[in-house]
There are 2 protein chains.
Amino acid sequence: MAERKNLKVLVVDDEQDIIEILTYNLRKEGYEVATATDGVEAVKIASRFLPDVILLDIMMPNQDGVETCRQIREIEELQHAFIVFLTARSEEYSEVAAFEVGADDYINKPIKPRALLSRIAALFRREIKKEQEVSKISVRDLVIDRSSYTINKAGTTLVLPKKEFELLYFLAKNPNIVFSRDDLLQNIWGSDVYVLARTVDVHIRKVREKIGDDYITTVKGVGYKFEQN
Amino acid sequence: MAERKNLKVLVVDDEQDIIEILTYNLRKEGYEVATATDGVEAVKIASRFLPDVILLDIMMPNQDGVETCRQIREIEELQHAFIVFLTARSEEYSEVAAFEVGADDYINKPIKPRALLSRIAALFRREIKKEQEVSKISVRDLVIDRSSYTINKAGTTLVLPKKEFELLYFLAKNPNIVFSRDDLLQNIWGSDVYVLARTVDVHIRKVREKIGDDYITTVKGVGYKFEQN
DNA sequence: AATTAAGTTAACAATTTCTTAACAATACCT
DNA sequence: AGGTATTGTTAAGAAATTGTTAACTTAATT
């Protein structure tokens, strides 16, 4: 997995084992890694290492993750670093506080390396997408507006429920490309949601009901696609 | 859910109940399943069964999951098998050790069959995508586009059913090479599908009907080929 | 807490695609 | 040319996939 230009990750955890596993896996994927074993050290190192991602254990001696996060956010150059909290399932006390101080994501231990990596990768992808993502797209006679979750078709305005909107938006954004139901689930529902593939069909049906049958076509045995013309 | 070519899963757990539930669900999804009730047996069976996925209980009599995992990883042919640990929430002693010995994922009991299945499916999706090839090929006046599942011929767009599309795609990708009906069945239908060889003829006929007779030629007594010029 | 909306699942219907079998047509061989 | 093997073609029905509806579950809202 090359292609990445030297992204830097700072791992902060008081357990040496966890540091080792994460470091090992991240390096294997081509990330540059630094580590810290408590909050105070973390702030110190972060300010010099300038990581793109910070994996931060919540429960730590000396200074906990929430406070550490707050301090990191005050550092100018780390304003845009991704901060991901690591936490044991039980200690949910901080869940809310975590986001309040500016965390970007939240991962429960036990940590699954693959899941973690794919989530980190996703953070960057999201970032890239945000830059390119237009809130409004026009295809054929539809104007799909992300900011209001509405579809404008020939003067009339439709409001779609979230999933239906996302589905239409995703397909319309990638016209003429067939997506399998699993692809759609991955992209719209996310990788950690387990719903039946046929759920997609129901949403497709509802979208068609609202915008008409001739936008989304079925490729039997494969999936669905949005027809450009 | 077809589409999968005989993926093999080895289930290792000392509780008969769990084995049965998992086996039942996996078989229903079309996986080939073998089972073992302790670590020693697991290694023995794994080395002959050569599973693609190994679901491994951590707490087992005789030899625990971590040690078993280590031994399995030493077997050359199982280097790339996915190993997923199953564990009761409480016993987190092994969390770290598990990944150290090369586990790929980690699932807490009680196991929700659906989540498990979708996770296993996800493991393979990643693999399969890698193998995916060029999505667009141009031969003569045809453009065969895998991403939209369409054929473009001199400005007009043709939509072929899946098998016909795959057949044309395969032949066009390897022009001027004669394939026997069995070759085509192997490559397009897969190695575990048993249909009569003459089924190919029918599909060839339909493809010819749609794109014209002068692309695919018959080599009597041998098979079919796509004519480059 | 009750009500409403959204999302998911399950069941059945409708449709399309695939496969088979039968017969016709064609090429190949002696 | 006649016989044989192979392929072309068609149509019927099997199998697989998708459409559609309604019941149910979950989440949001009042």
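A note on names: the letters A, B, ... follow the listed sequences, proteins ahead of strands, and every chain is numbered from 1. What you see below is based on every heavy atom in this structure, not just the backbone, and it leaves out hydrogens, waters and symmetry mates.
The phosphate of D:dT10 has OP1 or OP2 within less than 4.0 Å of a side-chain N or O from B:Arg205. The phosphate of D:dT7 has OP1 or OP2 within less than 4.0 Å of a side-chain N or O from B:Arg181. For A:His203, a side-chain nitrogen or oxygen approaches OP1 or OP2 of C:dT8 to under 4.0 Å. Residue B:Tyr224 places at least one side-chain N or O closer than 4.0 Å to OP1 or OP2 of D:dG8. Under 4.0 angstrom from either OP1 or OP2 of D:dG8 there lies at least one side-chain N or O belonging to B:Thr218. At least one side-chain nitrogen or oxygen of B:Trp189 sits closer than 4.0 Å to the OP1 or OP2 atom of C:dT19. Within the 4.0 Å cut-off from OP1 or OP2 of C:dT20, at least one side-chain nitrogen or oxygen of B:Thr199 is found. A sub-4.0 Å separation between OP1 or OP2 of D:dT20 and a side-chain N or O of A:Arg208 is absent.
When only modelled atom types and interatomic distance are considered, B:Glu164 and B:Tyr169 share no side-chain donor-acceptor pair under 3.5 Å.
With a 4.5 Å cut-off on side-chain heavy atoms, B:Met60 and B:Val12 count as touching. Residues B:Ile54 and B:Phe85 form no side-chain contact, since every pair of their non-hydrogen atoms from C-beta on lies 4.5 Å or further apart.
Protein atom CG of A:Leu196 is 14 Å distant from nucleotide atom P of D:dT26, rounded to whole Å. With rounding to whole Å, A:Ile204 atom CD1 is found 14 Å from C:dG7 atom P. Between the CG atom of B:Asp213 and the C1' atom of D:dG8 there is a distance of 10 Å, given to the nearest Å. Distance NZ (B:Lys206) to P (C:dT17): 9 Å, rounded to an integer number of Å. Atom pair A:Leu160:CG and C:dA5:P shows a separation of 16 Å (rounding to whole Å applied).
Of the candidates C:dT8, C:dT19, D:dT10, the closest approach to any side-chain atom of B:Val195 belongs to C:dT19. Distance from the side chain of A:Arg198 is smallest to C:dA11 among D:dG8, C:dA11, C:dT19. Distance from the side chain of A:Lys220 is smallest for D:dT17 among the nucleotides C:dT26, D:dT17, D:dG8. Distances were taken from every side-chain heavy atom of B:Asp201 (C-beta onward) to each of C:dA10, C:dG7, D:dT7; the shortest belongs to D:dT7.
Using a 30° and 60° split on the angle between ring planes, A:Phe165 and A:Tyr149 fall in the parallel class, below 30°.
If you check every strand for non-hydrogen atoms under 4.0 Å, A:Val200 touches nothing.
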